[in-house]
Number of protein chains: 2
Amino acid sequence: MDKDKIDKKDHILDVAERVFSDKGFDGASTRLISGEAGVNMAMLNYYFGSKEGLFLAVFQRKIASFQNILHNLGNDGSMSAWTKMEKYIEMYGDKVVNNNCFQKLLYQEMGMNRGNDLSNNLRDMLLKNVAELEKILKDGITAGEFKEDIDIPMVIATLYGTKNYIINTPMMSSALLGFDINDEESIETKLKPQIKSYMKNLLKAYLLK
Amino acid sequence: MDKDKIDKKDHILDVAERVFSDKGFDGASTRLISGEAGVNMAMLNYYFGSKEGLFLAVFQRKIASFQNILHNLGNDGSMSAWTKMEKYIEMYGDKVVNNNCFQKLLYQEMGMNRGNDLSNNLRDMLLKNVAELEKILKDGITAGEFKEDIDIPMVIATLYGTKNYIINTPMMSSALLGFDINDEESIETKLKPQIKSYMKNLLKAYLLK
DNA sequence: TTACACTAATCAATCGTTTGATTAATTTTG
DNA sequence: CAAAATTAATCAAACGATTGATTAGTGTAA
């Protein structure tokens, strides 16, 4: 069946996503990926053309799902700007845990100075999400809800930077927070509530008049 | 002269620091590093034993200088907790620009899940810096200067995370901020003042009663 | 001479990729 | 329908290139 093929490709992508995010692009060999996925090495090239093609496919699979999640939020006129921010924080707090291995991979690659198209694609993708945030913040200012002198780009850097710091340096954040960042239950019961609550308080204090 | 040897080693370390931070450990080949440094490939092993030894040496050279910078701050009783925080932010804002290529390398390596001793050493080193911040924040609470329900680990994550986000993903932050993050003059005249001012305002709103 | 600094050449290992052969599945043909 | 032809999926083996590392030898200064 065709279904099996898709499942198999998907399985390879799952494994590749994990291995890439652990070892980085250069550190993850095709032998390791194929080995962990339980498929023949040649299948990677058969399906994805090349190692870079596989890497790209890992991202492209996710990009679509990220695309239109946020767009509805910014254009909803019935909510106050701050309520939108709270919704945004809620969503982003959930994304932290669900896709933390992909998020790690994403920002790892963004940090590299590869001349690839990939880097540009990723940047544009992220900028779309960021644009929604910008819109919410600007609307909040013009509506008189937020202070006029808030630093929008920096707020965005804080929002994503705080999250990245926690999930990208688990050794540090585990020691800081007092529980294991890599443990799924701890993430669900401790990290998610904590980061949501903190971020709301932090931004409430900074943004609201 | 022995001086020449030291200068040469130092030159190699400078180059290695930059190349490692650009390409990552696995992506940076010894041929590339030696080529950019203008030395024979074998000199890397001659001086540093191995590629990993070179990598380690890049860090060890910096670690010492980071060690005792912050310690004086926490134990100065004459300053208020908030003044200490401001001093901390000033210092950290300067560090952003001066060592941004090393900082990138540092957190790149911290993100990797290598079982190395290096990762543990780096974590311990960073935790020492973090401990000073923790002390300032705790003292501020007991002194009645800061709110009692502030989330100390999260504040630290925000402080370092915001900085890391900006310097580790220059493609994103350049687009966000509207100027080139990699341009030294822009960093000096724009980024440094902006990040200092923002971080003070942000934390003032969140920390102070 | 002796110890050190340095180089070109070379090493085995591993890299990503390609190959030719084999099997499984599908389509076409009689 | 059944046989033949075609395509897709999979594999072990090997490819050339590159990796980090080592060697044997050259030059140099004390």
Side-chain angles (χ1 to χ4, degrees), chain A residues 1-60 105 108-109 112-119, chain B residues 1-60 105 108-109 112 114-118:
Chain A
M1 278 288 284
D2 197 36
K3 189 68 182 308
D4 288 344
K5 191 186 109 181
I6 294 177
D7 286 350
K8 193 162 198 170
K9 285 180 79 166
D10 239 47
H11 171 62
I12 293 175
L13 288 172
D14 285 336
V15 173
E17 184 178 317
R18 180 172 50 78
V19 176
F20 274 135
S21 79
D22 276 351
K23 314 267 182 184
F25 179 80
D26 296 296
S29 73
T30 54
R31 281 170 179 78
L32 178 60
I33 295 173
S34 60
E36 296 237 340
V39 301
N40 189 279
M41 220 171 39
M43 297 311 294
L44 302 189
N45 296 80
Y46 180 73
Y47 281 135
F48 305 102
S50 66
K51 184 187 182 182
E52 192 172 325
L54 170 61
F55 194 63
L56 210 82
V58 168
F59 283 101
Q60 285 174 332
L105 179 55
Q108 199 174 90
E109 180 59 21
M112 295 278 184
N113 276 343
R114 297 197 169 90
N116 298 3
D117 293 334
L118 176 60
S119 296
Chain B
M1 280 286 285
D2 197 36
K3 190 66 183 310
D4 289 343
K5 193 184 109 182
I6 294 177
D7 285 349
K8 194 164 195 171
K9 287 181 77 167
D10 238 47
H11 171 63
I12 293 175
L13 287 173
D14 285 336
V15 174
E17 184 178 316
R18 179 173 51 79
V19 177
F20 275 134
S21 81
D22 276 350
K23 314 269 181 184
F25 180 80
D26 297 297
S29 73
T30 54
R31 279 171 179 77
L32 178 60
I33 295 173
S34 60
E36 297 237 339
V39 302
N40 189 281
M41 213 175 46
M43 297 310 294
L44 303 190
N45 298 79
Y46 180 73
Y47 281 136
F48 306 103
S50 67
K51 184 186 182 183
E52 193 171 324
L54 170 62
F55 194 63
L56 212 82
V58 168
F59 282 100
Q60 285 174 332
L105 180 55
Q108 200 175 89
E109 177 60 21
M112 294 279 183
R114 298 197 169 90
N116 299 3
D117 292 335
L118 175 60

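The figures here come from the full heavy-atom set of this structure, side chains too, leaving out hydrogens, waters and symmetry mates. Chain naming here is simple, since letters A, B, ... match the order of the sequence lines and numbering starts at 1 in each.
- One finds no side-chain N or O of B:S50 lying less than 4.0 angstrom from the OP1 or OP2 phosphate oxygen of D:dG20.
- A 4.5 Å side-chain heavy-atom check between A:L54 and A:T30 finds every atom pair outside the cut-off.
- Looking at B:K51, its side chain does come within 3.5 Å of a backbone N or O of B:F25 through a donor-acceptor pair.
- Rounded to a whole Å, the CG atom of A:L44 is 12 Å from the P atom of D:dT10.
- For the pair A:F48 CZ and D:dT10 C1', the computed distance is 15 Å after rounding to whole Å.
- Between B:K8 and the phosphate of C:dC6, there is a side-chain N or O to OP1/OP2 separation shorter than 4.0 Å.
- Side-chain N/O atoms of B:Y46 include none lying less than 4.0 angstrom from OP1 or OP2 on C:dC6.
- Here the C1' atom of nucleotide C:dT14 and the NZ atom of B:K51 are 13 Å apart, to the nearest Å.
- Comparing C:dC6, D:dG20, C:dG16 by their closest approach to the side chain of A:S29 singles out C:dG16.
- Distance CE (B:M43) to C1' (D:dT22): 14 Å, rounded to an integer number of Å.
- Across the protein-nucleic acid pair, A:N45 atom CG and D:dG16 atom P stand 17 Å apart, rounded to whole Å.
- Two residues are said to be in side-chain contact when any heavy atoms from C-beta on lie closer than 4.5 Å; A:R18 and A:E36 meet this criterion.
- As rounded to whole Å, 10 Å separates atom C1' of C:dT18 from atom CE of A:M41.
- For the pair A:L32 CG and C:dT14 C1', the interatomic distance rounds to 13 Å; values are reported in whole Å.
- Where A:A28 and B:R31 each meet DNA chain C at their nearest nucleotide, the meeting point lying more 5' is that of B:R31.
- Residues A:M43 and A:K8 have side chains not in contact (no heavy-atom distance under 4.5 Å, counting atoms from C-beta outward).
- Relative to the side chain of B:A42, the nucleotides D:dA9, C:dT7, C:dG16 differ in distance, and C:dT7 lies closest.
- Nucleotide C:dG16 holds its P atom 17 Å from the CG atom of A:L56, rounded to whole Å.
- Considering only side-chain atoms of A:N40, the nucleotide from D:dA12, C:dA5, C:dG16 that sits closest is D:dA12.
- Cation-pi geometry between A:K9 and A:F48 is met: under 6.0 angstrom from the ring centre, within 45 degrees of the axis.
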